[in-house]
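Beneath this line is the structure, given in structure tokens, with notes to follow.
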Amino acid sequence: LMPKRFRERHDHHVSQFGKGSESQKILEERTEMVALRKNGEEFPVEISISKQHTGHERIYTSIIREVTDRVRAEKKLQFQAYHDSLTGLPNRQFFEDKIRDVLAQKKRFPEMLLAVLFIDLDQFKYINDSMGHSVGDALLEQVAKRLLQSLRDGDVVARWGGDEFVVLLNMLPHEDDAIGAAERIIQVMSQPFMLNDQLFLCSASIGIAFYRGKQEEAKDLSYNELLRNADIAMYRAKELGRARYVVFGQSMYDRVQTRMVLEKDLRQALKDENLELYYQPILELKTAQVAGFEALLRWEHPTRGWISPGVFIPLAEESELIIEIDQWVLRHASLQLQTWHKQYPHAKTMTMSINLSAKHFALPHYISDLIAIVEEVGVDPDFLKLEITEGTLLKQSDSVTTLLKQMKDRNLHLCLDDFGTGYSSLSYLGKFPIDILKIDRSFVCQLKTGSEQIEVVRAIITLAHSLGMKVVAEGVETLFQMAELEKLSCEYIQGFFVSAPVRKSIAANFVQQPIWQGEFRL
């Protein structure tokens with residue numbers, strides 16, 4: 001027998017039984033050791049030694065049993081408990097235990113500097129959803145290998161879950177070493193991945209949080225807070241454009257706390273019906289009549305006043321609250337249109353444009369929910385124009401095409417909003433059943449005498465007409481822009497030159513007298 005290399009187990013069993021005045025005690029001890037076969041091979045054994053007392057006699061019994069299968073099974077179970085089955089990397093439980101152990105050493109190493117890197121794959125969802133889970137799994141395996149190759153031998157990398165990974169960099173000489181590791185990871189992740197004989201790009205966004213020894217000990221920073229800080233920094237990296245790293249700062253935490261409070265207030269505002277719809281007229285240039293409106297959501301916070309849609313809409317997108325908000329907008333805007341149609345017979349052809357988030361297109365029951373709202377209100381779907389952004393078309397094009405065709409089959413009109421902000425859709429715009437193309441305001445605002453932008457807008461209008469689409473120009477603010485767009489055969493315009501978004505009471509004036517009374521058609 002050799003010195004033990006396996007974890008020992010010592011189990012003591014004492015039993016006592018008697019007959020008359022006699023008693024007998026048995027003490028048993030078990031332990032594990034390593035034994036050698038004749039050929040020099042090591043193998044684990046369990047040794048049971050029992051000591052029996054009978055009167056004045058002592059009897060020792062020893063049993064040696066090979067436990068190779070049991071030890072192998074235990075090791076396998078332990079590995080499975082602490083490692084990810086797909087990538088073979090340590091899992092979340094392993095990482096949390098490891099970081100707890102490392103932080104427990106802080107008293108022995110008061111100047112200890114360590115860093116946690118929180119990594120998220122930027123394009124994983126698109127690849128996984130469009131190409132299938134088997135391709136997604138293959139991508140995760142390759143990512144794991146690249147991460148291991150990017151780090152030092154003593155560093156710990158684990159799969160946190162889904163397409164998220166975490167790295168622990170311990171005993172760092174300087175903060176720049178963690179930044180260097182993040183830069184290496186970003187660099188290796190920027191190289192294409194070969195999956196099913198196709199090349200894919202999948203960058204990484206990284207958040208870095210430091211534990212600076214005495215400085216963090218004074219704050220009593222826990223491992224959970226350290227991981228939270230790295231996670232916050234990672235989301236900030238995504239907000240800034242992805243494929244980059246961000247080092248956590250206290251201002252980020254304060255910002256997140258503010259957003260959490262704002263999200264809570266937004267949920268309550270939706271629940272209490274404290275949101276409001278404004279309506280911006282859409283003018284038909286040929287007739288100088290208001291052809292319809294775009295419904296735009298507004299929120300007046302009870303203590304903070306008016307909150308910009310540029311603030312609360314992205315917040316709703318991130319929290320998935322946008323699904324409920326869009327349904328609320330669809331219901332109330334449809335009800336308003338239905339009311340105007342009944343009140344003003346001459347306005348029965350007016351339309352209502354309603355924005356939809358790309359989040360809806362991932363829901364299997366999306367179309368049925370949408371139709372249920374339209375049928376509940378009783379509005380004719382032929383007068384509803386549902387607006388989607390160009391970015392929606394650029395993601396999951398096959399599934400989006402199917403959903404858009406289903407919407408068209410229900411007589412709903414589809415508008416492509418903010419066209420021109422994502423030029424890549426030009427090559428396959430004709431694949432989608434779009435009725436109306438809306439030129440982004442960034443093009444319209446640059447329409448000036450002698451401007452090259454006029455030719456760009458002309459090309460967009462010509463493209464739309466060749467595909468059987470009508471055109472709405474957004475952001476019209478001057479008489480020149482309006483006149484130029486009419487020359488270019490643009491059908492509709494909207495913008496401050498016609499009217500800013502207004503409350504329903506003011507919008508009703510446009511419904512009552514749809515002939516526009518502005519400078520252009522006085």
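On a predicted model such as this, the values are computed, not experimentally measured, just so you know. The figures here come from the full heavy-atom set of this structure, side chains too, leaving out hydrogens, waters and symmetry mates.
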Original post:
If only atom types and distance count, is the side chain of Asn91 paired as donor or acceptor with the main-chain N or O of Ala81 below 3.5 Å?
Top reply: yes
Original post:
If you look only at pairs with a residue in residues 115-124, which of them pass as a side-chain hydrogen bond (donor to acceptor under 3.5 Å, both in side chains), with sequence neighbours excluded?
Top reply: Asp120-Lys238, Asp122-Ser203, Asp122-Ser205, Asp122-Lys238, Gln123-Ser203
Original post:
So Leu266 and Leu275, side-chain contact (heavy atoms from CB on, under 4.5 Å) or not? Walk me through it.
Top reply: CA-CA 9 Å; Leu266 181 57; Leu275 299 174; 4.1 Å; yes
Original post:
Does Arg100 use its side chain to pair, donor to acceptor, with the backbone of Leu103 at less than 3.5 Å?
Top reply: no
Original post:
Can a donor-acceptor pair be found between the side chains of Ser442 and Asp440 at a distance below 3.5 Å?
Top reply: yes
**OP:** In sequence, state the C-alpha distance, the side-chain angles, and the governing distance for Tyr235 and Glu318, and then conclude on side-chain contact (heavy atoms from CB on, under 4.5 Å).
**Re:** CA-CA 11 Å; Tyr235 275 103; Glu318 293 173 15; over 6 Å; no
Subject >> Side-chain heavy atoms of Val116 within contact of Asn229, under 4.5 Å >> reply: no
Original post:
How long is the gap from CZ on Phe248 to CG on Leu226, to the nearest 0.5 Å?
Top reply: 9.5 Å
Original post:
Given the rule in the salt bridge (charged side-chain N to carboxylate O under 4.0 Å, His left out) test, do Glu477 and Arg441 qualify, once you have shown the distances and angles that lead to the verdict?
Top reply: CA-CA 10 Å; Glu477 298 180 354; Arg441 66 185 65 248; 5.2 Å; no
Subject >> Aromatic ring pairing His83/Phe94, orientation class (parallel under 30°, perpendicular over 60°, tilted between) >> reply: tilted
Original post:
Does the pair Glu263 and Arg267 meet the rule for a salt bridge (charged side-chain N to carboxylate O under 4.0 Å, His left out), with working shown?
Top reply: CA-CA 6 Å; Glu263 180 189 334; Arg267 289 184 183 278; 3.3 Å; yes
Original post:
Are Glu294 and Asn355 side-chain neighbours, meaning at least one heavy-atom pair lies under 4.5 Å?
Top reply: yes
What donor-acceptor contacts under 3.5 angstrom involve side-chain atoms of residues 179-192, with partners at least two apart or in another chain?
from: Arg184; atom 1: NE; to: Ser150; atom 2: O; distance (Å): 3.0
from: Arg184; atom 1: NH2; to: Ser150; atom 2: O; distance (Å): 3.3
from: Ser190; atom 1: OG; to: Gln187; atom 2: O; distance (Å): 2.5

Subject >> Which residues share a salt bridge (charged side-chain N to carboxylate O under 4.0 Å, His left out) with Arg255, sequence neighbours left out >> reply: Glu239
Subject >> Qualifying residue, where the test is side chain to side chain contact (heavy atoms under 4.5 Å, CB included) with Tyr492 and the options are Lys438, Lys470, Glu474 >> reply: Lys470
Original post:
side-chain contact (heavy atoms from CB on, under 4.5 Å) between Ile371 and Leu412: does it pass, once the steps are laid out?
Top reply: CA-CA 10 Å; Ile371 296 302; Leu412 293 163; 4.1 Å; yes
Subject >> Donor-acceptor contact below 3.5 Å, side chain Asp177 vs main chain His174 >> reply: yes
Subject >> Cationic N near anionic O, under 4.0 Å, Glu66 to Arg37 >> reply: yes
**OP:** Rounded to the nearest 0.5 Å, what's the gap from CD on Gln149 to CG on Leu147? Could you check?
**Re:** 9.5 Å
Subject >> Heavy-atom side-chain proximity of Arg152 to Leu169 below 4.5 angstrom >> reply: yes
Subject >> Any Leu437 side-chain heavy atom under 4.5 Å of Ile439 side chain >> reply: yes
Original post:
Trp160 and Glu96: which non-hydrogen atoms are nearest, and at how many Å?
Top reply: CH2-OE2, 3.7 Å
Subject >> Under 3.5 Å donor-acceptor, Asn196 side chain and Gln198 backbone >> reply: no
**OP:** Decide whether Gln93 and Asp97 meet the rule of one side-chain donor and one side-chain acceptor closer than 3.5 Å.
**Re:** yes
Original post:
Mind checking whether Met469 and Ile436 have side chains closer than 4.5 Å, heavy atoms only?
Top reply: no
Original post:
Just by modelled atom types, is the Arg242 backbone N or O under 3.5 Å from a matching donor or acceptor in the Arg244 side chain?
Top reply: yes
**OP:** Please determine, by modelled atom types, if Asn274 and Gln268 share a side-chain donor-acceptor pair under 3.5 angstrom.
**Re:** no
Subject >> Any Ile232 side-chain heavy atom under 4.5 Å of Val246 side chain >> reply: no
**OP:** Go through the steps to decide whether Leu148 and Leu89 satisfy the test side-chain contact (heavy atoms from CB on, under 4.5 Å), and finish with yes or no.
**Re:** CA-CA 9 Å; Leu148 288 171; Leu89 292 177; 3.9 Å; yes
Original post:
What is the minimum heavy-atom distance between Pro433 and Leu414, and which atoms define it?
Top reply: O-CD1, 3.4 Å
Subject >> Heavy-atom donor-acceptor pair, Asp417 side chain to Thr389 backbone, under 3.5 Å >> reply: no
Original post:
Nearest heavy-atom pair of Gly136 and Asn128: which atoms, and what distance?
Top reply: CA-OD1, 3.4 Å
Original post:
Between Phe210 and Ala178, what is the shortest heavy-atom contact and its length?
Top reply: CE2-CB, 3.6 Å
Original post:
Is the backbone N or O of Ser357 less than 3.5 Å from a side-chain atom of Asp326, with the two atoms forming a donor-acceptor pair by type?
Top reply: yes
**OP:** Please report the closest heavy-atom contact between Trp306 and Tyr278, naming both atoms and the distance.
**Re:** CH2-OH, 3.7 Å
Subject >> Min side-chain heavy-atom separation Arg298-Phe312 under 4.5 Å >> reply: no
**OP:** For the residue pair Ile493 and Val444, establish whether any side-chain heavy-atom pair is separated by less than 4.5 Å.
**Re:** no
Original post:
Which atom names give the shortest non-hydrogen contact between Asp163 and Leu140, and what distance separates them?
Top reply: CA-CD2, 4.0 Å
